Amino acid sequence: MISDRMYTLGSNRSVIRDLFEYGNERAKVVGRENIYDFSLGNPSVPAPKEVNDAIVDIVNSVPSTAVHGYTSAQGSEKTRRAIADDLNARFGTAYTPANLYISCGAAASLVSTLRALIAEPGAEIVCIAPFFPEYRCFIEANGGKCVVVPADEAQFQIDFDALESAVGKKTAAVIINSPNNPSGTVYSAETIEKLAALLEKKSEENGRAVYLISDEPYRELVYDGERVPFPPLYYKNTVVCYSYSKSLSLPGERIGYVLVPDEAEDAKRLYAAIAGAARICGYVCAPSLLQQVIERCAAVRPDLEEYIENRNLLYQALTEIGYKCVYPKGAFYMFVEAPGGDGNVFSAHAKKYDLLLVPGESFGCKKFLRISYCVSGEMIRRSIPAFRTAFETFEA
Ligand code: PLP
């Protein structure tokens, strides 16, 4: 017997992957230069020099068995200390290695945290639209129920009335993601303050913590001097799921962490449950070479220039054509209103011009389209006529 649930998950590609594969096939016919692929969130900025230098130096100077050997399940103490030091310097906290579990990217961080918090079948995890579509798989495969809060489509902050009614007796956690994939929005300090107050009230009503899971792979990808509030400073029951996939352009290396602050309710038990979940999912001992890289590069920040240029170029060109979009201040995505009001329909139409835009439905916003601008500026320039033609030829 084979698990139906796992079979379904493994044999149905995500819409994003589908578009990407379609683009690869189509490129064989019309040439790569004629495909305008805005589907994937693969960083286009190279990993910082410090990261490459660290890899070379570690491989050349550390004994091979120490580079490639197992570390503690939760990650090397030195790596966890380097991350704690960096967080403490930035946020005035007092974290220690005991607050950190090194994981294989944000996906592994999220799965381990969700598995630890879904204490019984049907426990509810609240996701605020627009949200990363994998959340739903992660929640449901672990026996939880995904409860969706409809988007505040005007600003992509949080519709607090909708959130208030979504959080109930069975809510184990609320997931947020800011800077946001797919909208590029950064939650303001005011939004995080209101969220903290609501969750405190709900925790009190429920007689136990409603945890906040802050999924932060884009924390450092933020523009125009915008500040990203650090949720643990506002709400004590916050677990941070972080990844270096985007900030250090290392998505294929699978490295990130879970932060469980001491202040969180049942922090020690929660950390142990996350370790247990990581254990049974095989996420123990995250890639050892990369742990050593992070030990040296925890304070390295990305070069944002290319993303800012791309964002400016695309936002200006698209709004001039007539597309509507909330101005994105972080991550490397724009979430554009689909002309005609249906992202699936407009995405199919845009494909005729070899313009690959991800329909917003799987993010919980059917009326929108996601554009990943982590691509070359040159491709963006070449794609503008296709955006114009798609817009002008579309009949709702
Ligand atoms: N969370 C969000 C919001 C993402 O956009 C992504 C990847 O695109 C992930 C989690 C998964 O990140 P990782 O590749 O580090 O597992």
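When reading the values below, keep in mind they use all heavy atoms of this one structure, side chains included, and skip hydrogens, waters and symmetry mates. Quick caveat, the model's predicted, so the values are computed rather than measured. Just so you know, ligand 1 is whichever comes first in the structure, and atom 1 is the first atom listed for that ligand.
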Starting from [atom], which protein heavy atom do you reach first, and at what distance in Å?
{"atom": "atom 2 (C) of ligand 1", "answer": "D215 OD2, 3.4 Å"}
{"atom": "atom 12 (O) of ligand 1", "answer": "A106 CB, 3.5 Å"}
{"atom": "atom 6 (C) of ligand 1", "answer": "F132 CZ, 3.4 Å"}

Any Lys/Arg nitrogen of D85 or R81 sitting under 4.0 Å from an Asp/Glu carboxylate oxygen of the other? no
Residue part near ligand 1, for [X], under 4.0 Å between non-hydrogen atoms:
{"X": "S245", "answer": "side chain"}
{"X": "P251", "answer": "neither"}
{"X": "Y218", "answer": "side chain"}

Which of the numbered atoms in ligand 1 are under 4.0 angstrom from any heavy atom belonging to A107? 11 (C), 13 (P), 16 (O)
Atoms of ligand 1 close to N177 [distance to a heavy atom under 4.0 angstrom, numbered from 1]: 3 (C)
From CE (M334) to SG (C325), nearest 0.5 Å: 4.0 Å
The reported gap from CZ in R370 to OH in Y373 (rounded to nearest 0.5 angstrom) is 11.5 Å
Does a side chain donor of either S103 or S109 reach within less than 3.5 Å of an acceptor in the other side chain? yes
Compare K246, E253, E216, R254 and give the one whose heavy atom is closest to atom 16 (O) of ligand 1. R254
ring-ring contact (aromatic ring centres under 6.0 Å, His included) assessment of F368 paired with F363: CA-CA 9 Å; F368 289 78; F363 298 93; over 10 Å; no
Are L9 and F131 connected, step by step, through hydrophobic side chains (Ile, Leu, Val, Met, Phe, Trp, Tyr) whose heavy atoms are closer than 4.5 Å? no
Step-by-step ring-ring contact (aromatic ring centres under 6.0 Å, His included) determination, Y218 to Y307: CA-CA 12 Å; Y218 304 96; Y307 295 141; 9.6 Å; no
